[in-house]
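Worksheet: the structure to be examined is printed underneath.
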Amino acid sequence: MRVVIVIPTYNEKGNIERLINILEEEIFPKIKKHQMYILVVDDNSPDDTSGEVRKLMKKWKNIDLNLGEKLGLGAAYVRGMSYAIEKMNADILLEFDADLSHDPKKIPEFLEKIDEGFDMVIGTRYSGGGSIPKNWGINRKIQSIIGNLIVKTILMRFWIHDWTGGFRALRSEVFSKEKKELTAFRGYTFQVSFLHKVLRDGFKVAEVPFHFQDRTLGKSKIVPTEYVVDLLRYVITARIIELYHSPFMKYAVTGFIGYLINSITLEIFSEWFLIAPFFAAAFSSELSIVWNFIVNNFWAFGKHRITNPWKILLKFPQFNLVSIGSVVIISTVVFLGTHLFGNNTFVRQVSLVIAIALFVIPYSYSMYNIFIWKRWHISSLSWLQKLVG
Ligand code: GDD
Ligand code: MN
C-alpha cells in the first residue's frame, strides 16, 4: 500500500533535513511491504524550510511539498492529508512531527498494526513503557498529564491513554470520513477532536508506546493558554452533544412525559369520567406504561427495536412487570419516608423525587437495557437474558 508520512512544518529548516535523511536512509529500506512517501506541509515558513525541502526533493523522488497559509496545526493536517489522498493516492497516512520528537524507528510498528486490521494507531506516551521527556519543565509535564486526564474523564473514554499526542497512523478512509467535521478546531485540538470522532464512529484503534524526545533545534509552536481554552471548549461541548443524543437522555425525556401523561389522565379520569380513584390510577398508569414502551422502542432503544408482533406480545408483559417493580420501589420509599419524617406533602414529594432519582431510574434503565431491549450484554446474567426471550 502507499504510505504517506505527513509532516507539518513551521520554521523547521534544521530539523527537516535531519529527519528526511533518517527516514530515507535508515527507515524506508527496512519497510518491504509498503511504498513509502513523504509530504511536507509547510505554511511558507520565514526560515525557508520549503527551500530546504526542494533541495531534498532533488535527491529523493518520493518527497512532495504542499504550501499554504498559516492557520494552525490542525488546518495544516487537514490540508496535507487531503493533498496526500487526492494528489498522492495515499492508502495510509502517518502524522509525524518534524522536530524528531517522534521516534522514526517506531514507524514499522505502527504499520504492522494497520496490517493487522486496525484503522488508526495512536502513539502513546502514557502506557506500556511510553514516556514524556525527563527534561521537560514541571509546567509542561503537568499540563500534558492533567490535560490528558481531563479529556479522558470528560469524554468518558478511559482506555485511550494518550489523547493529545501527534504520532499516529491511519487508513485514508478514516480521514475522508471525518474530514468535514475537522475544520472547526484548527490548532492542536485537532488531535483530540479527530480521535474522538474516530472512536464515536466505531473505527478500530490500537496504541503503540513510544518515548517522546524533547526537540534539540527550534522551538515548540504551542500557545498553552489558547490550547487549553480550545481543548476545554471542544471536550465540554462534545460531551453535552453526546449526552443529548444518548439513549439515556431519550429514555429520561420519554419517562418524564410518561409521568405527565400519568398525572394528567389521572385527573381527567377522576374529574370528567368520575372513575373511582383505584381504577383511575390503574388506567392512567397503564397509559403511561404503554407510552413508555412504544416511545422507548422507537427512540431510546430504536437501534434494538422490537418489531416482530409475537416478540412484542412477549415483551410487553415483561415491561409491565418491570414497571410494577418501579411502583413497589416508590411505595416503599414513600412509606419509609413518611414513617420516619411524618406524613405531610413535603415529605411525600421529597420521598417521591428521591425514589425516582436514586432507585427507579437506575433500576428501570438497567432492566430495559439488560432484559427488555438487551443493549447490554452482562456475562454473569447471560443465562437469565436468554431465559426471558
Ligand atoms: N504547517 C504547520 N502549521 N506546521 C505546524 C504548525 C502550523 O501552524 N504548528 C506546528 N507545526 C508543526 C511543527 O513545525 C512541528 O513539526 C509539528 O507541527 C509539531 O509542532 P511542535 O510545535 O513541535 O509541537 P509540540 O512538540 O509542542 O507538540 C507535540 O506534542 C503535542 C502533545 O504534547 C505535537 O506532537 C502535537 O501534535 C501534540 O499535540
Ligand atoms: Mn515538538
Side-chain angles (χ1 to χ4, degrees), residues 153-159 199-202 238-266 269 280-337 349-389:
T153 316
I154 297 183
L155 295 179
M156 295 292 281
R157 288 177 176 87
F158 295 97
W159 58 95
L199 292 170
R200 174 200 67 189
D201 291 338
R239 187 75 192 123
I240 290 173
I241 292 170
E242 227 169 56
L243 269 180
Y244 182 74
H245 290 290
S246 68
F248 180 78
M249 223 42 186
K250 297 173 182 171
Y251 148 91
V253 170
T254 310
F256 181 70
I257 298 175
Y259 156 79
L260 292 180
I261 292 178
N262 195 339
S263 68
I264 293 167
T265 53
L266 174 62
F269 290 150
F283 291 152
S284 61
S285 305
E286 192 57 35
L287 262 180
S288 149
I289 291 171
V290 170
W291 157 269
N292 272 299
F293 184 69
I294 293 174
V295 178
N296 275 317
N297 193 33
F298 275 93
W299 195 32
F301 299 95
K303 280 199 185 130
H304 301 253
R305 185 175 302 157
I306 306 160
T307 46
N308 181 327
W310 296 109
K311 191 98 194 234
I312 293 181
L313 279 182
L314 174 77
K315 286 290 165 185
F316 187 61
Q318 289 179 14
F319 189 82
N320 272 271
L321 213 64
V322 172
S323 308
I324 290 175
S326 303
V327 175
V328 171
I329 293 172
I330 293 176
S331 319
T332 310
V333 174
V334 172
F335 170 79
L336 288 176
Q349 293 303 316
V350 171
S351 308
L352 182 63
V353 170
I354 288 178
I356 291 175
L358 289 190
F359 303 107
V360 171
I361 289 178
Y363 158 78
S364 70
Y365 190 63
S366 321
M367 295 303 264
Y368 295 174
N369 275 292
I370 299 171
F371 296 115
I372 308 291
W373 284 280
K374 296 188 177 169
R375 221 180 117 237
W376 295 348
H377 299 279
I378 316 265
S379 51
S380 58
L381 290 175
S382 61
W383 61 278
L384 202 59
Q385 287 187 295
K386 275 205 198 96
L387 198 72
V388 300

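A pairwise comparison of heavy atoms in I289 and F319 identifies O-CE2, 3.4 Å as the closest pair. Of all the heavy atoms in Y368 and N296, the pair that sits closest is CE1-ND2, 3.8 Å. Heavy-atom minimum distance, L155 versus A238: CD2-CB, 4.3 Å. Residue A357 comes nearest to P362 through the heavy atom pair O-CD, 3.7 Å, listed as atom of the first residue, atom of the second, then distance. Nearest heavy atoms, P317 versus I312: CD-O, 4.2 Å.
Every residue two or more places apart in sequence or in another chain was checked for a side chain to side chain donor-acceptor pair (under 3.5 Å) with N320, and none qualifies. Legend: residues meeting ring-ring contact (aromatic ring centres under 6.0 Å, His included) with F316, ordered by chain and number and at least two apart, are F293. Under the side chain to side chain donor-acceptor pair (under 3.5 Å) criterion, S351 pairs with no residue at all, not counting sequence neighbours. Residues passing the side-chain contact (heavy atoms from CB on, under 4.5 Å) test with Y244: none are found, sequence neighbours excluded. In terms of the ring-ring contact (aromatic ring centres under 6.0 Å, His included) criterion, residue partners of F335 (sequence neighbours excluded) are, by chain and number, H339. Judged as a side chain to side chain donor-acceptor pair (under 3.5 Å), and not counting sequence neighbours, T265 has no contacts. Annotation: side chain to side chain donor-acceptor pair (under 3.5 Å) contacts of W373 (sequence neighbours excluded): N297.
The structure places CZ of F248 at 9.0 Å from CG of L243, a figure rounded to the nearest 0.5 Å. Put simply, CD1 on I264 and CD1 on I257 are 10.5 Å apart, with the number rounded to the nearest 0.5 Å. With rounding to the nearest 0.5 angstrom, the CD1 atom of I356 is 10.0 Å from the CZ atom of F256. Atom CG of L314 sits about 9.0 Å away from atom CD1 of I372, to the nearest 0.5 Å. Taken to the nearest 0.5 Å, the CG atom of L266 stands 11.0 Å off from the CG atom of L287. Distance check: N369 CG to S364 OG gives 9.5 Å after rounding to the nearest 0.5 Å.
Screening residues 311-336 for salt bridge (charged side-chain N to carboxylate O under 4.0 Å, His left out) gives no qualifying pairs among residues at least two apart or on separate chains. Residue pairs meeting the salt bridge (charged side-chain N to carboxylate O under 4.0 Å, His left out) criterion with at least one member in residues 352-375, sequence neighbours excluded, do not occur. Screening residues 322-334 for side chain to side chain donor-acceptor pair (under 3.5 Å), with sequence neighbours left out, gives no hits. Contacts classified as salt bridge (charged side-chain N to carboxylate O under 4.0 Å, His left out) and involving residues 240-260 (residues at least two apart or in different chains) are given here: R157-E242, R239-E242.
The shortest distance between side-chain heavy atoms of W299 and Y251 does not fall below 4.5 Å. Under the 4.5 Å side-chain criterion, counting only non-hydrogen atoms from C-beta, V360 is not in contact with Y365. Side-chain atoms of H245 and I241, non-hydrogen and from C-beta on, do get closer than 4.5 Å to each other. Contact of the F371 side chain with the V322 side chain is not registered, since no non-hydrogen atoms from C-beta on lie closer than 4.5 Å.
Surrounding OH of Y259 are at most 12 heavy atoms belonging to other residues, nucleotides or ligands under 6.0 Å away.
Under a 3.5 Å cut-off, the side chain of N292 and the backbone N or O of S288 do form a donor-acceptor pair.
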Donor-acceptor pairs under 3.5 angstrom involving side-chain atoms of residues 382-389: please list them, not counting sequence neighbours.
residue : atom : partner : partner atom : Å
S382    : OG   : S379    : O            : 3.0
W383    : NE1  : S380    : O            : 3.3
Q385    : OE1  : I378    : N            : 3.4
Q385    : NE2  : I370    : O            : 2.8
Q385    : NE2  : W376    : O            : 2.8

